Amino acid sequence: MKIFDTLSVTEKELDAPASIRIYLCGVTVYDDSHIGHARTIIVFDTLRRFLESQGVRVKLIQNFTDVDDKIINRARTENVSADKISSRYIANYFEGFDSLNVKRADLYPKATEHIAEMISLIQGLVGKGFAYVSANGVYFAVSKFTEYGKLSKKKIDELISGARVEVDDTKKDPLDFALWKFAEDEPGWDSPWGHGRPGWHIECSAMSLKYLGSDFEIHGGGRDLIFPHHENEIAQSESYTGKNFAKIWMHVGMVTINGEKMSKSLGNTKSVDFVLKKWGPNIVRLFCLSGHYSKPIDYSEDLLKETIIKWRQVENCYYELILSDDGAADINDEKIAREAVKETEKEFTEALGSDFNTSLATSAFFKLVKTANQIAASEHLVRSIADIVLPAFEQMLDVLGLSVVRVSPEEKSKINDLINRRNMLRIQKDFHGADAIRKEISDMGIVLIDHKRRTIWMRQEKIGADG
RNA sequence: GGUGAGGUGGCAGAGCGGCUAUGCGUUCGCCUGCAGAGCGAAUCUAUAGGGGUUCGAAUCCCUUCCUCACCUCCA
């Protein structure tokens, strides 16, 4: 498959070897995760699901930054340990992302558990002359890495004139960034240079090199990490190993809220907890995959509401398929179904294989839903046709990480009993009685669909925004 | 100011030299005891403006205008 690489600014072939290594920059655990984090993580989760569906073994590593000024500040404010803060938000992370049907990564390494690796990396850099010790810490000497700026396409002299870099007289160059910061307070660790904490960028270099080695296939994250985070990671890692760090840099666009940047200061962040409660996992995932991953997407109520309608069609389709009954298949319908499945699978796979075009892939999927619903509407959706469509339908749902709410066998037979009673009453023209049963069924979260010959039903996911 | 990404029908969003997706919306139908869901038909030939290149451009080139992101911690 092909993926756009930020570094070379071209689509690069990911020559699908037996296994693909992915390092995804995760979150700093100082607050609840939000929809922006969710988009990046859902994109990579879906990518992983797609690759796996193609028979590729994926090794996915996603870190937690659990040592950072924001965490420490929060710990001070609440008068608890930094560890308490980070573990609280790691728990929050898993609660949210498990609910979003995100498959667990192979490993979630934490910065605090890799201090030794970071120290040895820094030692290596100091030894090779890429880093130096100043009064405040150990710094990476940007001027020593001649390719600095290659990812973010920045020129070193322009960066300097940018003048928005932190003022620190102990640095040799304003652009130099901290690998290790001296600090007497907690949390801190002893190092060959003094007590302190690692800088942010070094953790990802240390952990990705440890678990994936150098020149791994994909390094990913949000677009906002391109500079300085990923730029600095490249500088450190390539200076240390002398080898290429990652083959492809894949960056996910930002989520805006009603066209505005989402930020704490504007107070418009949408937490994962919030969007889950309001829209549920399927709508959120569909929303996050609705545009090309590299472009920004805008969170707006109207768009999300539109997504609910699409999701209802999928639910409807699913229940039409599983509740189809025996009967002779119309030859023509069977042909239509077969061709639709073949067509859709091709489009779906090609779209995802071509720079992971989830927008195109989902529209292909919706075409199959439409076809199935058309056959159902003409009363021709019999078991043998459903059997043609269902495997492809379920497979694509799974790649997209979507999941229709199912019904237990007990509920199923109860529903069928109620439907039979209702249909009896309808024949007797006792519509009051029939409507009362419909109400009873509806209270179970089930919607009835009256066809000419029979009545089927579907379980609709409860969506907060539906009220 | 620098760097990058973009500007496509009422909206969302693909296409990246010829066949102009797809979905939502809107209108009218079908179905139904009613309702919901679904289905059908219609609507919508849109590609920021101006120049080129080409037999042919939303797609390539030039130019103008505009938007967004990043350049500080940030997914």
Side-chain angles (χ1 to χ4, degrees), chain A residues 4 6 9 24-28 30-31 33-44 62 65 68-70 73 149 151-155 157-159 161-166 200 220-229 231 251-256 259-264 269 286-287 290-292 294-298 300 302-303 305-310 312-313 315-317 319-320 347 351 354 357-367 369-370 372-379 425-427 429-432 434-435 438 442 447-452 455-458 460:
Chain A
F4 185 84
T6 310
V9 205
L24 175 61
C25 281
V27 298
T28 300
Y30 75 103
D31 203 349
S33 313
H34 56 66
I35 184 72
H37 301 121
R39 157 125 104 147
T40 300
I41 285 155
I42 286 169
V43 163
F44 276 87
Q62 182 186 324
T65 298
D68 168 270
D69 287 346
K70 284 194 182 115
N73 290 152
L151 181 72
S152 55
K153 322 294 174 207
K154 292 187 189 306
K155 306 241 175 347
D157 38 333
E158 280 165 3
L159 275 170
S161 61
R164 272 160 98 181
V165 269
E166 177 189 350
W200 175 35
R223 291 208 83 86
D224 53 348
L225 297 184
I226 293 173
F227 188 89
H229 187 54
E231 193 70 62
H251 291 106
V252 179
M254 300 291 101
V255 177
T256 56
E260 279 187 312
K261 181 190 160 75
M262 180 170 60
S263 77
K264 291 253 155 57
T269 57
L286 277 173
F287 166 72
S290 67
H292 189 94
S294 65
K295 292 186 181 175
I297 51 171
D298 189 47
S300 79
D302 286 348
L303 222 55
K305 278 183 192 148
E306 228 178 70
T307 311
I308 297 178
I309 289 162
K310 294 186 186 180
R312 295 303 184 211
Q313 291 168 353
E315 289 178 321
N316 182 275
C317 180
Y319 280 97
E320 291 281 8
E347 268 185 61
S354 168
N357 193 333
T358 51
S359 175
L360 243 192
T362 47
S363 69
F365 173 66
F366 281 111
K367 273 193 252 177
V369 168
K370 182 85 169 180
N373 285 344
Q374 276 169 335
I375 297 173
S378 64
E379 309 278 331
L425 294 170
R426 286 171 75 205
I427 289 164
K429 301 226 186 293
D430 177 0
F431 298 122
H432 276 292
D435 287 348
R438 182 163 66 194
S442 144
V447 176
L448 294 183
I449 303 160
D450 286 332
H451 278 104
K452 271 194 192 125
T455 300
I456 70 148
W457 47 271
M458 62 193 259
Q460 285 195 335

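Owing to the predicted nature of the structure, the values given are computational and were not obtained by experimental measurement. In what follows, chains carry the letters A, B, and so on, assigned in the order in which the sequence lines appear, proteins first and then strands, with residues in each chain numbered from 1.
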Quiz prompt | side chain to side chain contact (heavy atoms under 4.5 Å, CB included) against A:Asp298, all qualifying residues, sequence neighbours excluded | solution = A:Thr256, A:Ser300
Quiz item: A:Gln374 has a side chain; which of B:U32, B:G38, B:G40 sits nearest to it?
Solution: B:G40
Quiz item: With respect to the side chain of A:Cys25, which nucleotide from B:U3, B:G33, B:A75 is positioned closest?
Solution: B:A75
Quiz item: Is the distance from OP1 or OP2 of B:A14 to the nearest side-chain N or O of A:Lys295 less than 4.0 Å?
Solution: yes
Quiz item: Looking at B:G25, B:A69, B:G36, which one has an atom nearest to any side-chain atom of A:Val447?
Solution: B:G36
Quiz item: What residues, two or more places apart in sequence or in another chain, satisfy side chain to side chain contact (heavy atoms under 4.5 Å, CB included) together with A:Glu347?
Solution: A:Glu343, A:Ala364, A:Lys367
Practice problem: Identify whether any heavy atom of A:Gly26 sits under 4.0 Å from a base atom; if not, whether one sits that close to sugar-phosphate; answer base, sugar-phosphate or nothing. | Solution: sugar-phosphate
Quiz item: When all nucleic acid strands are considered with a 4.0 Å heavy-atom cut-off, which category describes A:Ile449: base, sugar-phosphate, or nothing?
Solution: base
Practice problem: Looking at every strand, decide which applies to A:Arg39 at a 4.0 Å heavy-atom threshold: base, sugar-phosphate, or nothing. | Solution: nothing
Quiz item: How far, in whole Å, is B:C62 from B:C73 if one measures between their C1' atoms?
Solution: 40 Å
Quiz item: Taking the side chain of A:Leu303 as its heavy atoms from C-beta onward, which of B:A12, B:A75, B:U32 lies nearest to it?
Solution: B:A12
Exercise. Please evaluate the base of B:A5 for a donor-acceptor partner in the side chain of A:Arg223 within a cut-off of under 3.5 Å?
Key: no
Under-3.5 Å N/O pairs linking protein and nucleotides 19-23 of chain B:
residue: B:G23; atom: O2'; partner: A:Lys310; partner atom: NZ; Å: 3.4
residue: B:G23; atom: N2; partner: A:Glu306; partner atom: OE1; Å: 3.4

Quiz item: So do the side chains of A:Arg426 and A:Thr455 get within less than 4.5 Å of each other, counting heavy atoms only?
Solution: yes
Practice problem: Answer with yes or no whether A:Asp450 presents, from its side chain, a donor or acceptor under 3.5 Å of a partner atom in the base of B:A35. | Solution: yes
Quiz item: Rounded to the nearest Å, what distance is computed from the CG atom of residue A:Leu448 to the P atom of nucleotide B:A35?
Solution: 15 Å
Self-check item: Partner set under side chain to side chain donor-acceptor pair (under 3.5 Å) for A:Tyr30, not counting sequence neighbours
Solution: A:Lys264
Contact list (N/O, under 3.5 angstrom) for nucleotides 57-59 of chain B vs protein:
none

Quiz item: How far, in whole Å, is B:U43 from B:A35 if one measures between their C1' atoms?
Solution: 27 Å
Quiz item: How is A:Asp224 classified with respect to the nucleic acid when contacts are heavy atoms under 4.0 Å: base, sugar-phosphate, or nothing?
Solution: base
Quiz item: On RNA chain B, nearest-nucleotide positions of A:Ser294 versus A:His229: which is more 5'?
Solution: A:Ser294
Practice problem: Let me know, please, whether A:Glu379 or A:Ser290 comes out on the 5' side of the other along RNA chain B by nearest nucleotide. | Solution: A:Ser290
Self-check item: Set of ring pair (Phe, Tyr, Trp, His ring centres under 6.0 Å) partners for A:Phe365, sequence neighbours left out
Solution: A:Phe393
Quiz item: What's the CG-P distance between A:Asn357 and B:G13, to the nearest Å?
Solution: 12 Å
Quiz item: What residues, two or more places apart in sequence or in another chain, satisfy side chain to side chain donor-acceptor pair (under 3.5 Å) together with A:Arg312?
Solution: A:Glu315, A:Asp466
Quiz item: With a 4.0 Å cut-off on heavy atoms, is A:His292 in touch with a base, just the backbone sugar-phosphate, or nothing at all?
Solution: sugar-phosphate
Exercise. For A:Asp435, enumerate each residue passing the side chain to side chain donor-acceptor pair (under 3.5 Å) test, keeping only those at least two apart in sequence or located in another chain.
Key: A:Arg438
Practice problem: Return yes if the base of B:C31 and the side-chain atoms of A:Lys452 contain a donor-acceptor N/O pair under 3.5 Å, otherwise no. | Solution: no
Quiz item: When you check the side-chain N and O atoms of A:His251 and A:Thr6, is any donor under 3.5 Å from an acceptor?
Solution: yes
Quiz prompt | Matching residue for A:Asn316 among A:Asn373, A:Ile456, A:Val447 - test: side-chain contact (heavy atoms from CB on, under 4.5 Å) | solution = A:Asn373
Self-check item: A:Lys154 side-chain proximity, nearest of B:C39, B:C73, B:C70
Solution: B:C70
Practice problem: Give a yes/no on whether any side-chain N or O of A:Asn73 is located under 4.0 angstrom from OP1 or OP2 of B:C73. | Solution: no
Exercise. Just compare B:G38, B:U3, B:A75 and give me whichever is closest to any side-chain atom of A:Ala377.
Key: B:G38
Self-check item: With A:His292 via ring pair (Phe, Tyr, Trp, His ring centres under 6.0 Å) - residues at least two apart
Solution: none
